[in-house]
There are 2 protein chains.
Amino acid sequence: MSQRILVVEDDAPIVRTLRINLRARGYEVDIATSGRAALAAVDELVPDLILLDLGLPDIDGVEVLRRVRRRSDVPIVVLTARSDADDKVEALDEGADDYVTKPFGIDELLARVRANLRRSLSAPAPLPPVHTDDFDLDFAALQARRDGRPVRLTPTEWKLLSELARHHGTVIPHTQLLQAVWGPAYGREANYLRVYANQLRRKLEPDPSHPRYLITEAGMGYCLRW
Amino acid sequence: MSQRILVVEDDAPIVRTLRINLRARGYEVDIATSGRAALAAVDELVPDLILLDLGLPDIDGVEVLRRVRRRSDVPIVVLTARSDADDKVEALDEGADDYVTKPFGIDELLARVRANLRRSLSAPAPLPPVHTDDFDLDFAALQARRDGRPVRLTPTEWKLLSELARHHGTVIPHTQLLQAVWGPAYGREANYLRVYANQLRRKLEPDPSHPRYLITEAGMGYCLRW
DNA sequence: AGGCTCCTTGACGCGTTCTTGATGGCAGCA
DNA sequence: TGCTGCCATCAAGAACGCGTCAAGGAGCCT
């Protein structure tokens, strides 16, 4: 039941150092030596933390970061030879949790790994499944059913639905929904919510034009009831 | 409604730089120049993030870190002149979320502040729910009930009700209500208050023409009692 | 390159909410 | 009694928010 760390790095000596030291601390270590392999590994292995080198052979490191972030909230520690401050800023703003410059002390790196793992452990508990007369939702498996039949929801739809379900029964303000789904820089794009509320209703509500579950509270926000 | 950052640092030029840059980004900035003051400030000001210098005059920085951690999960970014790796390891293991070594680029620091704030979108303390013989109010969920049945309130009605409930039992002047609900530019539009007080009474009072909860204090303001 | 899904963005009609003015009641006062 | 604040109530136009649709564009898979 140990924790799984994905190392994305193409420099063999560094890989070796990391593998030895991380294994010695009791982590399970997986290696990906290209951006493409990293993305595949994130889906298959579901790591608890990612150590990501930005200088990859195929895809730009920041691009990898962006794509991983799109599908997971796993802690990402960026690892790079460049000491350029702009890179740091860009990586952190794209969703990296930490940034270490090579050459790095292995003790510092391990400490940062611990600090970031600690945070993700105290992360919010997973949402329990939902069953209503008309649909079922499984947030852990990302599966939705309506009248027993599978329904496909997009990533953004899941995020919005999660935030609604997390506080179900209460009215959630536009700003809170926008920040939870699109990020902290958002808050005034209420029309996004309209589009996605509309889509969720069409996929889940028995009569989308007279919503029974996803309720609009004009001027304030939305409320999910069941 | 902006986010509050506590800077714990005794070097005046650095304090100055941080204050200017953080304010320019729209954060509220509080300063503590000693460990003792920092601990007090954490309790009183409830910051959303702490920038902590380890080299403090009175208490050892790591000890401050430990004590803050004992009472709060607020993100802490450690800021230090020592480049000693052991310090980093110790600080991160004691619960720091991030570590920046002086001299630092202000852009990098701001990016790390953003990255750490992103994780802890803490909302302002909500008003506690209200229960009376005739109605119930839940300000966190934005839900109102009268005789057990849901009642719809408009955004302006909620804002007015919140301000009244925040100071319930006391008479609140017209100007204060108007500024709290409509904004600081208002204060003379007592008309608005009459209209909305009327609507709240019709929605909540058992006998709207003889109010029992929302009391008019002629020439002064309104008072909400329960 | 092509098709596909998904996200973003703008436009329009409609219903709700806000603002504003008018009317009338009530109390205090000369 | 008439006058003067202050308040409650009502109603109507203006402003705003929402649902809906569709087009454009970016990313991904084959």
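Throughout, protein chains are lettered first and strands after them, A, B, ... in sequence-line order, and every chain is numbered starting at 1.
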Whole angstrom value for the distance that separates [atom2] of [N] from [atom1] of [X]:
X	N	atom1	atom2	result
A:M220	C:dT17	CE	C1'	11 Å
A:Y192	C:dG10	OH	C1'	12 Å
B:H210	D:dT9	NE2	C1'	14 Å
B:Q199	C:dT16	CD	P	14 Å

Counting only side-chain nitrogens and oxygens, does [X] get under 4.0 Å of the OP1 or OP2 atom of [N]?
X	N	result
A:T154	C:dC7	yes
A:W182	C:dT8	yes
A:Y196	C:dC7	yes
B:R194	D:dC6	no
A:T216	D:dG19	yes

Q: Output the distance between atom NZ (A:K102) and atom CD (A:E9), rounded to the nearest 0.5 Å.
A: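 That separation rounds to 4.0 Å.
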Q) Only one of B:Q3, B:R23, B:R4 clears side chain to side chain donor-acceptor pair (under 3.5 Å) with B:E28; which? A)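 When side chain to side chain donor-acceptor pair (under 3.5 Å) is applied between B:E28 and each of B:Q3, B:R23, B:R4, only B:R4 qualifies.
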Among [options], which nucleotide sits nearest the side chain of [X]?
X	options	value
A:Y222	D:dC18, D:dG19, C:dC6	D:dG19
B:H174	D:dC7, C:dC6, D:dC18	D:dC7
B:P155	C:dC18, D:dC7, D:dT20	C:dC18
A:N191	D:dC18, D:dC6, C:dT9	C:dT9

Q: List the steps and the verdict of side-chain contact (heavy atoms from CB on, under 4.5 Å) for A:N191 and A:E189.
A: CA-CA 5 Å; A:N191 48 337; A:E189 298 76 357; 4.0 Å; yes
Q. Using a cut-off of 4.0 Å between protein heavy atoms and nucleotide atoms, how would you tag nucleotides 21-30 of chain D 5' to 3' with B, S and -?
A. S-----SS--
Q | Check: B:D134 and B:R212 side chains under 4.5 Å, non-hydrogen atoms | A |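 Counting from C-beta outward, B:R212 and B:D134 do come under 4.5 Å.
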Q. Is any side-chain heavy atom of A:T132 closer than 4.5 Å to a side-chain heavy atom of A:Y213?
A.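 Yes, side chains in contact.
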Q) If you look at every heavy atom in A:F135 and A:L204, which pair is closest and at what distance? A)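 Heavy-atom minimum between the residues: CD2-O, 3.5 Å.
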**Q.** Minimal non-hydrogen separation, A:H131 against A:D136, with atom names
**A.**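 Closest pair (atom of A:H131, atom of A:D136, distance): ND1-OD1, 2.7 Å.
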